[in-house]
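Worksheet: one structure, shown below.
Sequence lines set the chain letters: A, B, ... in the order given, protein chains first and strands last, and positions in each chain run from 1.
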2 protein chains.
Amino acid sequence: MNRRTGKESKESILEAAIKVFSEKGYSQTTVREVAKEAGISVGGVYIYFKNKEDLYATLLNYLLKDFSDRTKETVKDMSGPADALYAVIAMNLKYARRYKGIIIAEGRDRGFKSCLDVKKRFFKKQRRLIEDIIKTGTASGKFKECNVKTAARVIIGILRGFVFSLLIDSTALYSAEDCSNIILNGLLRRKE
Amino acid sequence: MNRRTGKESKESILEAAIKVFSEKGYSQTTVREVAKEAGISVGGVYIYFKNKEDLYATLLNYLLKDFSDRTKETVKDMSGPADALYAVIAMNLKYARRYKGIIIAEGRDRGFKSCLDVKKRFFKKQRRLIEDIIKTGTASGKFKECNVKTAARVIIGILRGFVFSLLIDSTALYSAEDCSNIILNGLLRRKE
DNA sequence: TGTTCACATGAACACAAGTTCATGTATGCC
DNA sequence: GGCATACATGAACTTGTGTTCATGTGAACA
C-alpha cells in the first residue's frame with residue numbers, strides 16, 4: 001500500500017486545522033477533531049507539531065502571511081487610491097468569510113503572547129498599507145486632509161467588525177461595495 | 001454576625017461575574033474565580049445559578065438591557081441626526097471598553113443558542129435605532145439618500161470592530177469623534 | 001527473510017474545570 | 001434551649017481534552 005510521506009501528513013494536518021479552527025476558534029477546537037479531519041490519529045498530530053498552540057501558531061503565520069502578500073499584490077495593480085482602498089476592503093471581507101474563527105482573538109493569557117504578537121504585527125502591516133493608500137489619496141487631492149493614522153485605525157476596526165458580525169449573525173452582512181461607499185463618501189449630503 | 005441575605009449574595013456573584021467575564025470572556029473564566037471574586041464558595045454560586053451558562057445568560061440579559069435603555073435615553077435628548085449618531089457611537093465605545101470580553105461571541109455550539117439569540121436581538125434593536133437616525137437624517141435633507149438598512153449594518157459592524165480592536169491591541173484605538181467623523185464625512189474630498 | 005527506518009496508533013495518563021452533595025453554621029422563632 | 005429555615009462550605013466526583021509512549025506496521029533494501 002502507498003503510505004503518505006511525513007510532509008504529506010503534516011500538510012493534511014495543517015489543512016484540517018485551518019478548516020476546524022476557522023469554524024470553531026481556538027478553545028472550541030479539539031486536537032482529536034483536527035486529527036480525525038486529517039485522517040490521522042491523535043498521536044500522529046504530535047509527531048509533526050509540538051502541541052496545540054504550536055499547531056495554531058504555525059497555521060496563523062501561514063495564513064496571515066499568505067493574506068498579507070496577496071493583498072499587497074492586489075493593491076499594486078490598482079490605479080487610484082479609492083480603487084486601492086476598495087480592493088483592500090474586498091480582500092478582507094473575502095478572507096474573513098473563509099477564516100472567521102481564526103482571526104478572532106482567543107486564548108489570551110497562558111503563554112499565548114506569541115500568537116497575539118503575530119496578530120498585532122499583521123494588523124500593523126495592514127494599517128501601514130491603508131495609511132499609504134490614504135496618503136497617496138490626500139497627496140493627489142482626491143482624499144481630503146485628515147489624520148492618516150487614525151483614519152487607518154478606524155478602517156481596520158471596520159474590517160474587524162465584519163468578522164465579528166459573521167460570528168454573530170451571518171445573515172445581516174454587507175458587501176465590500178457598501179462598506180467602501182460609506183468610508184469614502186460618508187453619510188452627510190455634499191453641498192453641490 | 002451579620003450574614004448576607006440571599007439577594008445580596010446573588011448580586012455579589014453577578015457583579016463579580018460581570019467583572020471576570022468582561023476581562024476574560026466565557027471560556028477563560030472559571031466558576032471558581034467568579035466565586036472567589038464574589039467572596040463566596042464554589043458551591044455557593046450554584047445556589048443562585050443553575051450553572052455557568054445560566055450565570056452568563058443572566059448577566060448578558062442584564063447588561064444588554066441596561067445598555068439598550070441608556071442608549072435610547074441618550075439619543076432622545078439629541079437635536080439632530082448627526083449628533084444622535086455620534087451619541088450612539090460614543091455610547092458603544094464607552095461600553096465596549098468596560099465590558100469587552102462579554103460582547104465577543106464565544107461558546108457557540110453546545111446549547112448556547114440562547115445567548116446567541118439574546119445578542120442577535122440586541123444587535124437588531126441597535127440597528128433599528130441607527131436606521132431611525134439615518135431615516136430622520138435623509139428625511140430632513142441632512143443625510144444623503146442611501147440604503148438605510150445596509151448603512152446601519154456597516155455602522156454596527158464598525159462598532160463591533162472597536163471591541164475586537166480592544167482585545168487585540170488596546171493601544172491602537174480611536175475616539176468616538178474620529179469614528180463618527182469618518183462615518184459622516186467619508187474620506188473623499190468634497191467639491192466646493 | 002530479516003533488518004532498519006519512517007511513520008502511525010490509540011490506550012492511558014494528567015490535569016483543569018464544571019457540578020454535586022453531605023455537612024456545617026448563623027438567625028429567628030417558639 | 002430546641003427547632004426550623006436559609007445560607008454556605010469545599011472535598012469529591014465527573015468529564016473533557018491536551019499530551020505521552022509503548023507498541024505496531026508498511027516500505028525499501030540486502
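Rounded to whole Å, the distance from CZ on Phe21(A) to C1' on dT17(D) is 13 Å. Rounded to an integer number of Å, the gap from Phe49(A) CZ to dT20(D) C1' is 18 Å. One can place NZ of Lys50(B) at 9 Å from P of dT19(C), the figure rounded to the nearest angstrom. Taking atom CD1 on Ile47(B) and atom P on dA22(C), their separation rounds to 15 Å, with Å as the unit. Between the P atom of dT9(D) and the OH atom of Tyr46(B) lies a distance of 15 Å, rounded to the nearest Å. To the nearest angstrom, C1' of dT17(D) lies 13 Å from CG of Asn51(A). The separation between Lys52(A) atom NZ and dG16(D) atom P is 15 Å, rounded to whole Å. With rounding to whole Å, Lys36(B) atom NZ is found 14 Å from dT9(D) atom P.
One finds no salt bridge joining Arg70(A) and Glu73(A) here, because no Lys/Arg side-chain nitrogen approaches an Asp/Glu carboxylate oxygen to under 4.0 Å.
Sorted by residue number, the members of residues 5-20 of chain A with any non-hydrogen atom under 4.0 Å from DNA chain C read Gly6(A), Ser9(A).
Checked against a 6.0 Å centroid threshold, the rings of Tyr99(A) and Phe67(A) do not count as neighbours.
Taking every side-chain heavy atom of Ile40(B) into account, dT9(D) is the closest of dT19(C), dT9(D), dG18(D).
Evaluated for a ring-ring contact (aromatic ring centres under 6.0 Å, His included) with Tyr56(A), the options Tyr62(A), Phe49(A), Phe21(A) yield exactly one hit, Phe21(A). Checking each of Gln126(B), Glu131(B), Lys125(B) against Arg128(B) for a side chain to side chain contact (heavy atoms under 4.5 Å, CB included) leaves exactly one that passes, namely Glu131(B).
Of the two residues contacting DNA chain C, namely Val45(A) and Arg32(A), the nearest-nucleotide position lying further toward the 5' end is that of Val45(A). Heavy-atom nearest nucleotides on DNA chain C were determined for Tyr48(A) and for Gly44(B), and the one closer to the 5' end corresponds to Tyr48(A).
Scanning all heavy atoms of the two residues, the minimum distance from Leu64(B) to Val118(B) falls at CD1-CG1, 3.9 Å.
Checked against side-chain hydrogen bond (donor to acceptor under 3.5 Å, both in side chains), Tyr46(B) has no partners two or more places apart in sequence or in another chain.
Taken to the nearest 0.5 Å, the OH atom of Tyr95(A) stands 11.5 Å off from the OG atom of Ser22(A).
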